[in-house]
Amino acid sequence: LIVTDRCLDASIAYQGFARGLDPKLIENLSLLATQGRVPDLTILLDLDAEQVSTRTDISNDASGQREAQNRFDTEAEQFHRRVREGFLTLVRAHPERIKVIDASRTPEEIHREIVRLVEPLL
């Protein structure tokens, strides 16, 4: 069992849909690099872009500006919208293995849903 926060689907969403590269090219390159391996399960924690900053550990500096926790934090909101739309496009193409969890729910509810999805694979 391998658990990771980046995989085929993330590469397609971030590099393909959000960065404007051909999603099919990103998919083919990723499949080549992984010798055709595809995740058994991808969990998308879905949250509107407007809600993200209230649910993350992003802090403000003394001037009230957001401090970037990683390079994606410095991206414009439109970039994050394209990432989300890319993931939702992938969900529609692969509903059997990509599952969406409403991340606006409580952490406890989200945890229970993740456990429900992962347990059958253990």
Side-chain angles (χ1 to χ4, degrees):
L1 174 67
I2 298 172
V3 177
T4 180
D5 67 343
R6 294 288 182 258
C7 67
L8 169 72
D9 301 312
S11 295
I12 297 168
Y14 279 87
Q15 305 310 317
F17 290 100
R19 298 254 186 247
L21 300 174
D22 178 9
K24 193 63 178 170
L25 173 63
I26 300 300
E27 178 182 6
N28 289 338
L29 289 172
S30 295
L31 289 172
L32 180 65
T34 63
Q35 299 177 335
R37 289 181 177 84
V38 175
D40 294 316
L41 173 67
T42 296
I43 297 172
L44 172 61
L45 299 176
D46 186 38
L47 189 64
D48 288 336
E50 295 81 25
Q51 295 178 293
V52 169
S53 63
T54 65
R55 296 295 299 259
T56 61
D57 291 330
I58 296 170
S59 58
N60 294 326
D61 66 14
S63 68
Q65 295 291 101
R66 280 178 50 179
E67 290 186 35
Q69 302 297 314
N70 63 56
R71 65 187 173 99
F72 293 116
D73 290 339
T74 62
E75 295 288 350
E77 188 174 312
Q78 189 57 34
F79 172 84
H80 296 287
R81 288 182 190 283
R82 289 192 307 267
V83 169
R84 181 176 186 239
E85 285 306 313
F87 270 116
L88 294 174
T89 298
L90 292 170
V91 168
R92 289 187 293 277
H94 305 285
E96 72 287 349
R97 69 173 183 79
I98 305 176
K99 305 301 179 186
V100 180
I101 293 179
D102 177 0
S104 68
R105 298 182 302 166
T106 68
E108 295 78 19
E109 291 171 315
I110 294 167
H111 175 260
R112 281 193 299 274
E113 184 68 12
I114 291 172
V115 168
R116 184 187 72 74
L117 291 169
V118 171
E119 269 187 338
L121 300 174
L122 299 178

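Model, not experiment: these values are computed from the prediction. Sequence positions, counted from 1, serve as the residue numbers for this chain.
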Would you name the heavy atoms of [X] and [Y] that are closest together and state the gap between them?
X: I101; Y: I114; result: CD1-CG1, 3.4 Å
X: A13; Y: G86; result: CB-C, 4.3 Å
X: A18; Y: V83; result: CB-CG2, 3.4 Å
X: I110; Y: D102; result: CG1-O, 3.9 Å

Between [atom1] on residue [X] and [atom2] on residue [Y], distance to nearest 0.5 Å:
X: T42; Y: F87; atom1: OG1; atom2: CZ; value: 7.5 Å
X: L121; Y: D40; atom1: CG; atom2: CG; value: 6.0 Å
X: L90; Y: D9; atom1: CG; atom2: CG; value: 5.5 Å

pair [X]-[Y]: side-chain heavy atoms closer than 4.5 Å:
X: L31; Y: V38; answer: yes
X: D48; Y: R84; answer: yes
X: V118; Y: I43; answer: yes
X: F79; Y: R82; answer: yes

Residue list, side-chain hydrogen bond (donor to acceptor under 3.5 Å, both in side chains) with E109, at least two apart or on another chain: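 Scan of E109 (side-chain hydrogen bond (donor to acceptor under 3.5 Å, both in side chains), adjacent residues dropped) gives T106.
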
side-chain hydrogen bond (donor to acceptor under 3.5 Å, both in side chains) involving R81 - partner list, sequence neighbours excluded: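 Scan of R81 (side-chain hydrogen bond (donor to acceptor under 3.5 Å, both in side chains), adjacent residues dropped) gives E50, E77.
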
Cluster link L117 to L122, ILVMFWY, side chain under 4.5 Å: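 Shared cluster, yes.
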
From CA spacing to verdict: side chain to side chain contact (heavy atoms under 4.5 Å, CB included), F17, I12: CA-CA 7 Å; F17 290 100; I12 297 168; 3.7 Å; yes

Side chain to side chain contact (heavy atoms under 4.5 Å, CB included) against L29, all qualifying residues, sequence neighbours excluded: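 Only L25 meet the side chain to side chain contact (heavy atoms under 4.5 Å, CB included) criterion with L29.
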
Test log, rule side chain to side chain contact (heavy atoms under 4.5 Å, CB included), inputs L8 and T34: CA-CA 9 Å; L8 169 72; T34 63; over 6 Å; no

Over 12 foreign heavy atoms within 6.0 Å of CD, E96: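 Enclosed.
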
